[in-house]
Structures are given as structure tokens and as C-alpha cells.
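Below you'll find the structure, written out as C-alpha cells, and then a few comments.
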Amino acid sequence: MEQQENVESYFQMQHSYVKDLNMHILQKFENNQDINISGQLGFRIINIREEKDYFIGEIELINDINVNVKDDDKASIHISMVGMFTGNTNKDRKKFEKMLKLNGATTLSHLIRAYVYSATGLGGIPNIITPMINFVNFFKNAKEE
């Protein structure tokens with residue numbers, strides 16, 4: 001087994017929190033039903049500021065999920081999560097923004113997946129596993145608003 005010291009990334013998440021979580025269950029459904037998941041994803045950079053030798057960035061990832069069984073709406077879930085990240089990028093703001101988009105959004109996406117999985121199970125419906133997101137393609141095809 002290889003061991004390495006000091007493999008800490010220069011891009012770190014400092015904290016995160018669920019800003020908004022709303023789960024609307026329209027009707028009970030059983031675990032053995034085929035569930036279809038669709039939805040929309042939103043991302044925004046709330047702010048970026050520069051400190052001594054590093055940047056601090058705050059981002060928000062929003063996931064709106066629709067749960068259907070055979071064209072029948074069963075539930076909708078809205079979750080918004082905010083995360084704060086720091087990074088030493090040699091004063092390169094564009095590089096830091098790219099890290100926020102790719103690494104920051106990916107990190108929040110995994111946390112959102114865990115929240116949705118837990119909340120749906122606790123809500124009396126089958127645990128919903130949201131799909132993983134390819135953020136390289138997401139940002140390549142994203143429309144800024």
C-alpha cells in the first residue's frame with residue numbers, strides 16, 4: 001500500500017447547509033413500483049472574495065425533482081444547498097471559478113443525493129436515488145440567467 005503525505009487539495013469545502021428542502025408527496029406508493037425521476041438543476045455563484053493568498057467562494061446548487069410512476073405524478077422534491085469553498089489559485093480568479101463550478105457543484109450534488117435519499121425514506125416513500133450529474137457537460141450546455 002502506497003502512503004503519501006500532504007495530499008491535501010488547494011481547493012477545500014469549509015461548510016455547507018441546506019437552504020431549502022420541500023418534499024410534496026401527492027400519494028402513497030409502494031416500494032415495488034417502477035419509479036421514474038426527472039427534474040431540473042440550477043447553479044449559481046453567490047459571491048467570490050479574495051483574502052490574503054486565497055479566494056473564498058459561496059455557491060448554491062438547486063435540484064427540483066419530479067417522481068412519477070407510470071405517468072402518474074407521485075411526489076416533487078425541491079432542495080437547495082449552499083456551500084463555501086476556499087482555494088489557493090495563485091490569484092487566478094477564473095481558475096477558482098472553474099473549480100467552484102466543477103468541484104464545488106459536484107461536492108454539493110453528492111450531499112444533495114444523500115439528503116434526498118434519507119428524506120424520502122423518512123417521508124414514507126421509497127428512498128429516491130437521484131442520478132449523478134456530469135458537470136462538465138452541464139456547464140458546457142448551461143444557459144446563464
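Residues F55 and T86 fail the side-chain proximity criterion, which asks for heavy atoms closer than 4.5 Å. Side-chain atoms of N36 and V67, non-hydrogen and from C-beta on, never get closer than 4.5 Å to each other. Side chains of L61 and I112 form a contact here, defined as non-hydrogen atoms less than 4.5 Å apart. At least one side-chain heavy atom of E60 sits under 4.5 Å from a side-chain heavy atom of S80. Contact of the I77 side chain with the D64 side chain is not registered, since no non-hydrogen atoms from C-beta on lie closer than 4.5 Å. By the 4.5 Å heavy-atom criterion applied to side chains, F96 and R93 are not counted as neighbours. Contact check for K70 versus D34: no side-chain heavy atoms found under the 4.5 Å cut-off. Counting heavy atoms from C-beta outward, V116 and N63 have side chains that stay 4.5 Å or more apart.
Atoms CD1 and OG1, from I37 and T130 in turn, are 7.0 Å apart once rounded to the nearest 0.5 Å. With rounding to the nearest 0.5 angstrom, the CD1 atom of I59 is 11.0 Å from the CZ atom of R44. With rounding to the nearest 0.5 angstrom, the CZ atom of R113 is 12.0 Å from the OG atom of S118. Atom CE of residue M84 and atom CG of residue L100 lie 11.0 Å apart, to the nearest 0.5 angstrom. To the nearest 0.5 Å, the span separating CD1 on I65 from CE on M23 amounts to 10.5 Å. Atom OG in S38 sits 4.5 Å away from atom CG in N66 (nearest 0.5 Å).
With hydrophobic clusters built from ILVMFWY side chains whose heavy atoms lie under 4.5 angstrom apart, Y117 does not share a cluster with L21. Residue L102 is grouped with residue L41 when hydrophobic side chains (ILVMFWY) are merged at heavy-atom distances under 4.5 angstrom, including chains of intermediate members. V18 and L111 end up in the same hydrophobic cluster when Ile, Leu, Val, Met, Phe, Trp and Tyr side chains are linked at under 4.5 Å. One hydrophobic cluster holds both I48 and F139 under the rule that ILVMFWY side chains link at heavy-atom gaps under 4.5 Å. Hydrophobic clustering of Ile, Leu, Val, Met, Phe, Trp and Tyr side chains at less than 4.5 Å, counting indirect connections, unites M13 with F43.
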Check against side-chain contact (heavy atoms from CB on, under 4.5 Å), H78 and I62: CA-CA 7 Å; H78 168 83; I62 303 161; 3.5 Å; yes

Does S16 form a side-chain contact (heavy atoms from CB on, under 4.5 Å) with L108? I'd like the steps, not just the answer. CA-CA 8 Å; S16 66; L108 291 184; 4.1 Å; yes

Does the side-chain contact (heavy atoms from CB on, under 4.5 Å) test come out yes or no for M81 and K19, once each step is laid out? CA-CA 5 Å; M81 181 172 272; K19 180 179 173 183; over 6 Å; no

Where do K74 and I125 land on the side-chain contact (heavy atoms from CB on, under 4.5 Å) test, with the steps shown first? CA-CA 10 Å; K74 294 287 188 175; I125 63 174; over 6 Å; no

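Within a 6.0 Å radius of CD in Q40, other residues, nucleotides and ligands contribute 12 heavy atoms or fewer.
Using a cut-off of 4.0 Å between Lys/Arg side-chain N and Asp/Glu carboxylate O, R49 and E51 are scored as salt-bridged.
When all heavy atoms of I133 and S109 are compared, the closest pair comes out as CG1-OG, 4.0 Å. Closest approach of I128 to T120, counting heavy atoms only: N-OG1, 2.9 Å.
At distances below 3.5 Å, at least one donor-acceptor pair connects side-chain atoms of N134 with backbone N or O atoms of N137.
In this pair, F11 and F85 present their aromatic rings parallel. The plane angle is below 30°, not in the 30 to 60° band. Between F138 and F135, the angle of the ring planes goes over 60°, which puts this pair in the perpendicular group of the 30/60° scheme.
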